[in-house]
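Chain A is the first sequence line, chain B the second, and so forth, proteins listed ahead of strands; every chain is numbered from 1.
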Number of protein chains: 2
Amino acid sequence: MHLPITVPVEAEPDLFKAIGDATRRTILDELTEKDGQTLFEICGRLTVKHGLASSRQAISQHLAVLEQAGLVHTRRQGRYKFHHIDTSPLRSISERWPIDREAPNP
Amino acid sequence: MHLPITVPVEAEPDLFKAIGDATRRTILDELTEKDGQTLFEICGRLTVKHGLASSRQAISQHLAVLEQAGLVHTRRQGRYKFHHIDTSPLRSISERWPIDREAPNP
DNA sequence: TTGACAGGCAAGTGTGCACTTGCCTATAAC
DNA sequence: GTTATAGGCAAGTGCACACTTGCCTGTCAA
């Protein structure tokens with residue numbers, strides 16, 4: 001008797017890794033407020049508005065993770081690279097763990 | 001001139017930490033499928049269904065993180081401790097980063 | 001053409017955390 | 001009362017990853 005062993009493989013590990021970091025979440029907050037920012041802009045606003053004085057490279061790496069997860073799409077225009085948020089991958093969270101409807105209070 | 005410096009503080013850091021780990025996500029999957037499991041049950045099902053042979057203590061620690069984040073509520077009954085999933089904290093994710101409505105296709 | 005600006009590749013570092021093992025307490029069954 | 005079962009406290013370890021610094025390429029302005 002030959003039983004195949006099938007272990008479920010997670011669909012979107014990148015998504016959770018992406019939102020698992022506080023700096024990356026703050027970047028998403030920023031892009032929600034002002035979509036289409038450049039790296040330079042994001043760095044500046046993180047510093048001024050969030051007291052987050054990370055290096056340019058750190059933020060660049062974070063953006064790469066967000067892009068890999070599909071939460072950010074980029075558009076290059078000359079020497080500028082604009083970053084646009086895309087929240088649709090988050091849909092899979094509430095699909096995976098459905099949020100209960102409000103139960104009527106007795 | 002005395003300017004107060006106000007840096008936004010994140011509302012629910014625990015939530016993202018909780019779902020940031022793959023084992024914890026799998027535990028949530030398990031409780032979605034069969035709510036009210038004990039530690040022993042969860043360990044067994046993780047091993048058999050997910051090929052996840054973690055130690056009992058590792059899973060216990062994960063459950064503590066999930067409970068701290070409000071994603072799991074526990075009920076002790078004698079020597080058993082039943083774990084119940086509560087997905088309502090996940091609501092804050094789509095509130096924080098609203099998911100765009102489907103744009104009509106041209 | 002030169003220098004400034006924007007962003008990227010690469011390598012290295014420190015530490016938080018997911019894991020382990022050892023030992024314990026409480027409850028239940030016999 | 002003794003043994004089995006369920007879960008917990010505690011301490012230690014290894015490594016993934018968020019960060020750094022150095023240097024580079026491409027674009028743009030003067």
(request) Could you tell me which residues satisfy salt bridge (Lys or Arg N to Asp or Glu O under 4.0 Å) with A/Asp86, sequence neighbours excluded, listed by chain and number? (result) none
(message) For A/Arg75, give me all partners under side chain to side chain donor-acceptor pair (under 3.5 Å), at least two apart in sequence or on another chain.
(response) A/Gln77, A/His84
(request) Under the side-chain contact (heavy atoms from CB on, under 4.5 Å) rule, collect the residues that match up with A/Ala22, sequence neighbours excluded. (result) A/Arg25, B/Glu10
(message) Running the 4.5 Å side-chain criterion over Ile, Leu, Val, Met, Phe, Trp and Tyr, what cluster does B/Phe82 land in, apart from itself?
(response) B/Tyr80
(request) Mind listing the residues from residues 27-42 of chain B sitting with a heavy atom below 4.0 Å of DNA chain D? Number order is fine. (result) B/Thr38, B/Leu39, B/Phe40
(message) Under the side-chain hydrogen bond (donor to acceptor under 3.5 Å, both in side chains) definition, can you give me all pairs with a residue in residues 55-71 of chain A, not counting sequence neighbours?
(response) A/Asp14-A/Gln68, A/Arg24-A/His62, A/Glu67-A/Thr74
(request) Quick one: which residue pairs count as a ring pair (Phe, Tyr, Trp, His ring centres under 6.0 Å) with a foot in residues 15-39 of chain B, not counting sequence neighbours? (result) B/Phe16-B/Trp97
(request) Establish, with yes or no, whether the OP1 or OP2 oxygen of C/dG8 is under 4.0 angstrom from a side-chain nitrogen or oxygen of A/Ser60. (result) yes
(request) Please name all residues satisfying salt bridge (Lys or Arg N to Asp or Glu O under 4.0 Å) with B/Asp21, sequence neighbours left out, ordered by chain then number. (result) none
(message) Across nucleotides 17-30 of chain D, 5' to 3', mark each nucleotide with B, S or - according to how protein heavy atoms within less than 4.0 Å reach it.
(response) -SBBB-----BB--
(message) Whole angstroms only, please: what is the CG-P distance between A/Leu63 and C/dG7?
(response) 10 Å
(message) Five pairs per end, C1' atoms only: what is the angle between the end axes of the helix from C/dT1-D/dA30 to C/dC30-D/dG1, to 10 degrees?
(response) 30°
(request) For A/Glu33, enumerate each residue passing the salt bridge (Lys or Arg N to Asp or Glu O under 4.0 Å) test, keeping only those at least two apart in sequence or located in another chain. (result) A/Arg45, A/Lys49
(message) In this structure, how many angstroms lie between the P atom of C/dC17 and the CD1 atom of B/Ile19, rounded?
(response) 15 Å
(request) Could you name each residue pair satisfying ring pair (Phe, Tyr, Trp, His ring centres under 6.0 Å) that touches residues 21-51 of chain A, not counting sequence neighbours? (result) none
(request) Give a yes/no answer on whether the side chain of B/Lys81 brings an N or O atom under 4.0 Å of OP1 or OP2 in D/dG8. (result) yes
(message) I need the B/Leu71 CG to B/Leu15 CG distance, nearest 0.5 Å.
(response) 5.5 Å
